[in-house]
Asks: 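My questions will all concern the structure given below.
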Amino acid sequence: MKVTPETVVLINCGCEGIQKLARAVRARKVYTMVIPYSAPAERVGAEKPAGLLLVADGPCARLDEARQKFASLGVPVLEITEPENAVEAAVDFCFKKCGCSGNWDLDKFIDEAVADIRAQVGNGRVVLGLSGGVDSSVVAALIHKAIGDRLTCVFVDHGLLRKNEVAMVKEVFERSFGMNLVCIDAADRFLDKLVGVTDPERKRKIIGKEFIDVFAEAASKINAPFLGQGTIYPDILESIPFDGNPGGVIKSHHNVGGLPENLKFKLVEPVERLFKDEVRAVGRKLGLPPELIDRHPFPGPSLGVRHVGEIRRETLAILREADAIVTEELLKSGWYHRTWQTFAIFVPVKTTGIRNGLRSYDYVIAIRSINSVDAVTAQVVQLPWELLFKMSDRIIHEVPGVNRVVYDITQKPPGTIEWE
Ligand code: XMP
């Protein structure tokens, strides 16, 4: 039987930290939703809330409007003025005033999601684009639990992947989980299109368009009416205009990735109610390995945006090897999980050096390590010198074509996290 969690709705009256508060209350087993203050009272009422938290950064007209509008729902209301320090007050309110029992539980979520997928898909088939990232991996594991081999995962190797990425994806999804996995080796197709291209935006567009074409070709052969997607709750929240004005959207939710109109899929989005760390927790419960669940964020265009200038096979191979060394040393030293993203960048500049007593004239690899909470701003991590020296030493001795390693000490802003 489906257990509906008790829901407390956070009304967003203009507060940057609202997602964090919603997540913190969920961590105490009360299910929360975030709805903008401009929504009609019926929209909020449809969630059958046990109570409302009106959240603003301070007193404002939006708070007054919300107070009046939502009073008609007749449920307990608490106004949060300082969201950063309000977690205890909010949790107390949920349990003591709203009568919540704390029934939000990820084990129950998994059972419900599996039942929902079965109900939605019936005897149909689902196709899913697997990126090797957390969200699509967890969705694959959930859908597979629900419908087994009626799920087909498609993994596109665009030639810009990290070292051993294809083998890892095969190992996890095909061999450990026994999923139907179609791996498409499209490396030549992508790399040929990138010949002579140096402009970062053009590179991104070429990679993005080619990806959709390759995925669409593969998906159309599978004859599945459903498309699984790793949409998560922040994707949804950031695509809802905060004050009813579409200009207020932080990012549009187009996870479908611009698939052609004639590929008419019905979407299966089983983690669209979850925050990122809940998605990770579900992944762990479903048995996905830590090296997949706890990975650093990785950009869609992959090594393509970490290779400055024209991408050539030889220089891409240099970057791939250097990146693998950086990751390996980071893991060994325990710093991997202490940074948000740490990676190598290929810099197409040759400098003079000495190798085996002879002059060398080779490329530069940069290392970047940052911490962040939301990727909007980022702080440079002061990695220990010994670790940086180890990385530098290994890169210079093990990767032919590199004779200099530099450390990027640029905050975001002004620097973006990725170099391109
Ligand atoms: P920037 O470079 O804009 O990166 O400071 C912010 C965060 O977004 C990631 N990133 C991307 N992710 N497709 C993605 O899926 C992209 O094209 C892309 N560009 C950057 C980046 O790794 C960082 O976490």
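Here, residue 1 is the first one in the sequence, and each next residue gets the next number. Each ligand, and each atom within it, is numbered from 1 in the order the structure gives. Please read all numbers here as calculations on a predicted model, not as lab measurements.
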Asks: Could you give all pairs that pass the salt bridge (charged side-chain N to carboxylate O under 4.0 Å, His left out) test and reach residues 222-234, with sequence neighbours left out?
Replies: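 Listed once each, the pairs would be none.
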
Asks: Could E291 and R162 be called an ion pair, given the rule that one side-chain N must be under 4.0 Å from one carboxylate O?
Replies: no

Asks: Taking 4.0 angstrom as the limit, do E174 and K170 come out as a salt bridge?
Replies: no

Asks: Any carboxylate oxygen within less than 4.0 angstrom of a Lys/Arg side-chain nitrogen, looking at K163 and E328?
Replies: no

Asks: What are the polar N/O contacts of ligand 1 with the protein below 3.5 Å, with distances?
Replies:
from: ligand 1; atom 1: 2 (O); to: I417; atom 2: N; distance (Å): 3.3
from: ligand 1; atom 1: 2 (O); to: E418; atom 2: N; distance (Å): 2.9
from: ligand 1; atom 1: 5 (O); to: K412; atom 2: NZ; distance (Å): 2.6
from: ligand 1; atom 1: 5 (O); to: I417; atom 2: N; distance (Å): 2.7
from: ligand 1; atom 1: 13 (N); to: G300; atom 2: N; distance (Å): 3.2
from: ligand 1; atom 1: 15 (O); to: G300; atom 2: N; distance (Å): 3.1
from: ligand 1; atom 1: 17 (O); to: R204; atom 2: NH1; distance (Å): 2.4
from: ligand 1; atom 1: 19 (N); to: R204; atom 2: NH1; distance (Å): 3.3
from: ligand 1; atom 1: 19 (N); to: R204; atom 2: NH2; distance (Å): 3.3
from: ligand 1; atom 1: 22 (O); to: Q341; atom 2: NE2; distance (Å): 2.8
from: ligand 1; atom 1: 22 (O); to: E418; atom 2: OE2; distance (Å): 2.5
from: ligand 1; atom 1: 24 (O); to: Q341; atom 2: OE1; distance (Å): 2.8
from: ligand 1; atom 1: 24 (O); to: Q341; atom 2: NE2; distance (Å): 3.4

Asks: Is it true that K20 and E84 make a salt bridge, defined as a side-chain N closer than 4.0 Å to a carboxylate O?
Replies: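 A salt bridge is absent here (no side-chain N lies under 4.0 Å from a carboxylate O).
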
Asks: Using a 6.0 Å distance limit plus a 45 degree cone around the ring axis, check whether R273 lies over the aromatic ring of Y31.
Replies: yes

